[in-house]
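First up is the structure itself, then whatever we jot down about it.
Remember, it's a predicted structure, so these values are computed and weren't measured experimentally. Both backbone and side-chain heavy atoms feed into the values below; hydrogens, waters and symmetry mates do not.
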Amino acid sequence: MLGGAGDKIIIGYDLGNAFSQISYSYLSQDSEVETLSCVAGEEYYNIPTVLCKRQGTGQWLFGREAERFAQEYPEEAILVEGLVGLAVTGEQVSVDGEVYEPVALLTLFMKRSLGLLSLVSAPERIVAMMITCRKLDSQLIETLNQTVTGLGLGYSRVYYQSYAESFYGYMLYQPRDLWAAQTVLFDYREDGIYSMRMECNRRTTPVVAYVHQWIYPFQGDSGLPDVAGLEPGRQAQLDGELLEVARQECGKGTVSSAYLIGEGFAGEWMSQTLQYLCRGRRVFQGVNLYSKGAVYCLLDKHFGSKAGKEHVFLGGDKLKYNIGMQVLRQGQESYYALLDAGENWYESEYTCEFYVGQASYISLVITPLISGAVTQAPLSLGELPQEEETGEEAFSCGFSRIRMQLYLEGEKQLCVEMEDLGFGEIRPATQLTWRQRVTCGDSRLEEAAGGGRSGAAAMVCVGDYAQEPYVIPKLGVRVYCMEELCYCLKENAFLLDGSIMNEELLAFIKKDCQLPGLSQALHPLVRQQGSLSDFVCRILSCVGLYDAETVSQVEETLKAGSGLTDFEKHKLQTDHLVEQKRYEEALKSYDRLLERIRENQEMEVPALQALTADILHNKGVIHARQMLYGQAAECFYQAWKTGGGQQAYFKDYLAARRMQLPERDYVALAAEYPEQYQASLELERALEATEQSWRETPEYKRLARLRAARVGGEAVYCEEADRILQTLKNDYRKRTGVRKRGSIESI
């Protein structure tokens with residue numbers, strides 16, 4: 001079927017070191033595959049993979065024209081042959097006094113040969129190309145990548161495959177009776193006969209197809225493609241050698257059909273071989289099977305034939321293992337597929353993101369498609385920090401978002417690269433990365449896995465990671481995904497109120513996280529102002545970041561918090577700001593709360609006094625942390641008076657004055673409270689113990705060394721001082737992180 005002038009086409013490019021071929025098809029299910037002839041009106045499919053430069057000029061010829069010019073004008077021609085081999089070795093080529101990169105020469109040849117397609121279709125109509133070669137390895141693939149980049153093709157879909165897979169692709173589109181049993185192919189080359197034998201294991205689902213390959217070198221002198229030019233005796237000898245090859249290959253099982261590929265098989269010189277092969281088998285002869293097979297594989301990629309869906313090809317360049325890992329998906333343990341067997345190993349690549357808790361490792365599950373045991377490959381997360389020091393305090397988030405990329409460097413050599421992405425703004429990324437290599441099918445992997453460690457350490461991300469954050473009301477925390485939202489809901493359950501149940505959160509879940517089902521399930525609770533505990537626990541249960549016991553504890557906390565007054569919740573929320581070291585915001589919030597309490601006349605006086613005393617005490621804590629000891633002392637004193645003379649408040653008052661006043665003034669102040677003599681003694685003992693403990697800390701010893709370095713004028717003093725200052729700066733930038741704390745500590 002002919003295509004229209006505007007039809008898109010796909011091409012199969014057989015790239016050989018001696019010659020190349022180009023086949024094509026219009027992008028249609030019923031279109032035929034044709035092979036491009038380099039001579040119009042004739043079947044000259046082989047394009048010699050050569051270039052020829054005319055000496056002293058910038059003229060380059062390729063293919064048959066290059067060979068013809070070199071024969072007719074040998075004194076002017078500089079012939080460059082074996083372009084593929086030259087490009088793979090990477091050795092520069094000297095031509096007419098100039099040095100050329102071999103990849104550039106191969107690129108020039110391919111660009112010129114692809115220009116022949118202008119007789120069929122415009123270049124912009126080409127949508128995909130499959131390059132097929134004898135055998136693919138990492139070095140050749142790198143060369144092909146460089147060549148394709150140099151071609152500057154307008155289409156981006158360029159694929160590679162071996163001759164074996166092109167043979168398989170060709171057979172997929174042949175009548176089933178031709179490959180009901182085994183199929184053999186003989187490829188006549190200068191250095192011998194290359195054989196391929198395709199068989200299918202029909203006991204598996206899908207059916208696994210294999211191609212066994214072998215080379216039978218010629219005995220004595222190398223055979224020549226032009227067999228017709230050989231002596232009859234040499235032809236008979238070659239016929240005998242080919243017959244022996246055919247008997248060996250066909251003797252390995254029932255053969256339905258045979259294919260003779262190469263110009264060397266033309267003519268009538270192999271009568272014995274043909275007589276043997278034609279006994280109960282169909283025999284075909286041609287030169288363009290590989291390029292046609294490449295096109296058929298592209299058609300199968302685009303349209304998906306019935307045979308292609310029922311079969312999977314496992315050649316030498318195919319991944320023969322299914323690779324995945326056990327994960328927790330919304331709280332349930334399940335298998336997460338990463339790489340599938342049957343794909344070209346050099347095209348197999350996968351990137352995903354997941355969460356880990358306290359685990360320092362995850363395991364890949366490697367399942368062979370053919371035979372062998374399922375193995376587990378442990379991947380260590382190394383020094384992933386679960387607790388991060390920030391100044392004088394530390395916080396533990398407990399979760400990390402990990403980005404993992406998998407790719408292969410060989411048929412069995414799997415590379416895994418992982419990066420710590422942190423946990424949103426709750427825990428910044430550490431910039432830590434890990435790279436490991438895993439040999440698939442290595443039985444020692446089970447031993448390395450730790451003797452049976454089981455269970456899923458990775459948690460699949462639920463929903464998308466948002467571009468814009470959602471700010472949780474009253475907490476002021478920005479979250480970008482469901483996991484971060486769940487963490488904040490769980491850690492701050494005692495602070496939550498009905499303000500969290502709003503349309504903005506539902507829109508974030510639906511549009512930004514792409515979870516319309518969860519948003520719809522939560523909508524009635526928002527519209528009807530349902531139970532806060534039901535709302536939060538439904539989110540936690542859906543995401544599955546925490547187990548059922550933890551969710552139940554959150555539910556109990558929410559129900560208990562439902563009995564708190566607005567004043568008490570306001571105080572808890574402000575305490576949270578103090579824990580975040582957002583001191584100015586906290587002081588303003590405490591002042592607003594005190595004003596509200598003074599204006600309120602309905603609460604019982606004792607409750608008001610106790611709450612007011614706690615607020616004043618917490619204001620004193622803030623001032624003390626800011627080293628404003630006079631203001632801290634005033635707050636502690638008011639808390640002591642308002643709260644009915646709590647001893648702890650007075651101790652904090654004495655401590656603040658002790659830090660503020662000269663020793664004589666402090667002694668005079670302490671004498672005004674003889675009934676608190678014991679408290680003042682305990683304070684002095686505590687100060688002495690604290691100073692002694694401080695002298696034993698690494699920080700004190702480090703500062704002592706710094707003092708000595710400063711006196712001695714050593715450069716290490718400046719370096720260490722700069723490092724400490726940078727740490728303090730980093731600490732300041734991290735102050736917006738959410739941290740788990742109990743009640744505010746006394747000083």
Side-chain angles (χ1 to χ4, degrees), residues 205 319-343 345 348-382 384 386 397-408 412-421 423 432-465 481-484 486-487 515 540-551:
T205 303
L319 177 61
K320 298 178 177 61
Y321 303 86
N322 287 319
I323 300 173
M325 59 182 178
Q326 291 298 125
V327 299
L328 287 175
R329 192 190 304 270
Q330 292 184 286
Q332 302 297 318
E333 189 165 331
S334 65
Y335 177 78
Y336 186 74
L338 300 171
L339 298 176
D340 295 328
E343 298 293 327
W345 64 260
S348 295
E349 184 176 347
Y350 191 80
T351 300
C352 64
E353 294 180 0
F354 54 87
Y355 290 94
V356 293
Q358 300 296 332
S360 61
Y361 81 98
I362 60 172
S363 288
L364 297 180
V365 180
I366 302 176
T367 306
L369 192 62
I370 304 174
S371 62
V374 177
T375 56
Q376 290 192 9
L379 303 176
S380 173
L381 295 176
L384 182 66
Q386 298 299 334
C397 165
F399 294 103
S400 294
R401 188 181 183 96
I402 302 296
R403 177 181 292 137
M404 179 171 69
Q405 181 184 18
L406 296 93
Y407 59 93
L408 285 100
K412 294 184 177 182
Q413 298 304 312
L414 175 67
C415 288
V416 184
E417 295 181 355
M418 295 183 289
E419 178 185 2
D420 170 37
L421 302 180
F423 198 60
L432 290 173
T433 58
W434 305 270
R435 189 173 189 270
Q436 293 180 237
R437 284 188 173 89
V438 175
T439 302
C440 298
D442 189 346
S443 60
R444 293 172 295 179
L445 292 177
E446 281 295 344
E447 300 175 5
R453 289 189 294 192
S454 61
M459 293 167 280
V460 175
C461 304
V462 177
D464 291 350
Y465 200 84
C481 62
M482 295 304 298
E483 287 77 14
E484 293 172 18
C486 288
Y487 175 83
L515 294 172
L540 296 179
S541 298
C542 176
V543 176
L545 192 66
Y546 299 102
D547 56 28
E549 182 180 354
T550 302
V551 174

Item to check | Sequence-distant partners of Thr433, side-chain contact (heavy atoms from CB on, under 4.5 Å), two or more places apart | outcome: Glu419
Next on the checklist: Test side chain to side chain contact (heavy atoms under 4.5 Å, CB included) on Trp434 and Asp420; report intermediate values, then the result.
Outcome noted: CA-CA 9 Å; Trp434 305 270; Asp420 170 37; 3.9 Å; yes
Checklist entry - Does some side-chain heavy atom of Gln405 sit less than 4.5 Å from a side-chain heavy atom of Val416? => result no
Next on the checklist: Applying side-chain contact (heavy atoms from CB on, under 4.5 Å), can you list everything that pairs with Cys542, at least two apart in sequence or on another chain?
Outcome noted: Gln330, Leu518
Checklist entry - At their closest point, which heavy atom of Leu369 faces which heavy atom of Ala341, and how far apart are they? => result CD2-CB, 3.7 Å
Item to check | Distance, nearest 0.5 Å, that separates CG of Leu328 from CE of Met459 | outcome: 7.0 Å
Checklist outcome for this item: Val460 meets the side-chain contact (heavy atoms from CB on, under 4.5 Å) criterion, sequence neighbours left out, with Val327, Arg329, Tyr336
Checklist outcome for this item: Test side-chain contact (heavy atoms from CB on, under 4.5 Å), reference Ser348, set Leu338, Asp340, Leu414, Leu408, output is Leu408
Item to check | CD-CD1 distance between Gln376 and Ile362, expressed to the nearest 0.5 angstrom | outcome: 11.5 Å
Checklist entry - Is there a side-chain contact between Gln413 and Trp345, using heavy atoms and a 4.5 Å cut-off? => result no
Checklist outcome for this item: Output for pair (Leu339 CG, Glu349 CD), nearest 0.5 Å, gives 9.0 Å
Item to check | Test ring-ring contact (aromatic ring centres under 6.0 Å, His included) applied to Tyr465 - qualifying residues, sequence neighbours left out | outcome: Tyr480
Item to check | Closest non-hydrogen atom pair, Ser363 against Pro378 | outcome: OG-CA, 3.9 Å
Checklist entry - Looking at Phe354 and Ala458, what are the two nearest heavy atoms and their distance? => result CD1-CB, 3.6 Å
Checklist entry - Judged by atom type as modelled, is there a donor-acceptor pair below 3.5 Å linking the side chain of Tyr355 to the main-chain atoms of Phe399? => result no
Next on the checklist: Assess the residue pair Lys320 and Cys440 against the criterion (side chain to side chain contact (heavy atoms under 4.5 Å, CB included)); give the C-alpha distance rounded to whole Å, side-chain angles, the decisive distance to 0.1 Å, and a yes or no.
Outcome noted: CA-CA 9 Å; Lys320 298 178 177 61; Cys440 298; over 6 Å; no
Item to check | Nearest non-hydrogen partners of Cys481 and Arg401, listed with the distance | outcome: SG-NH1, 4.0 Å
Checklist entry - Out of Asn322, Thr439, Val438, which residue meets the side-chain contact (heavy atoms from CB on, under 4.5 Å) rule with Ile366? => result Val438
Checklist entry - How would you list, by chain and number, every residue that makes a side-chain contact (heavy atoms from CB on, under 4.5 Å) with Ala373, sequence neighbours excluded? => result none
Checklist entry - Restricting to pairs with a member in residues 432-441, which pass salt bridge (charged side-chain N to carboxylate O under 4.0 Å, His left out), not counting sequence neighbours? => result Glu409-Arg435, Glu409-Arg437, Glu417-Arg435
Checklist entry - Which heavy atom of Glu483 sits nearest a heavy atom of Val462, and at what distance? => result OE2-N, 2.8 Å
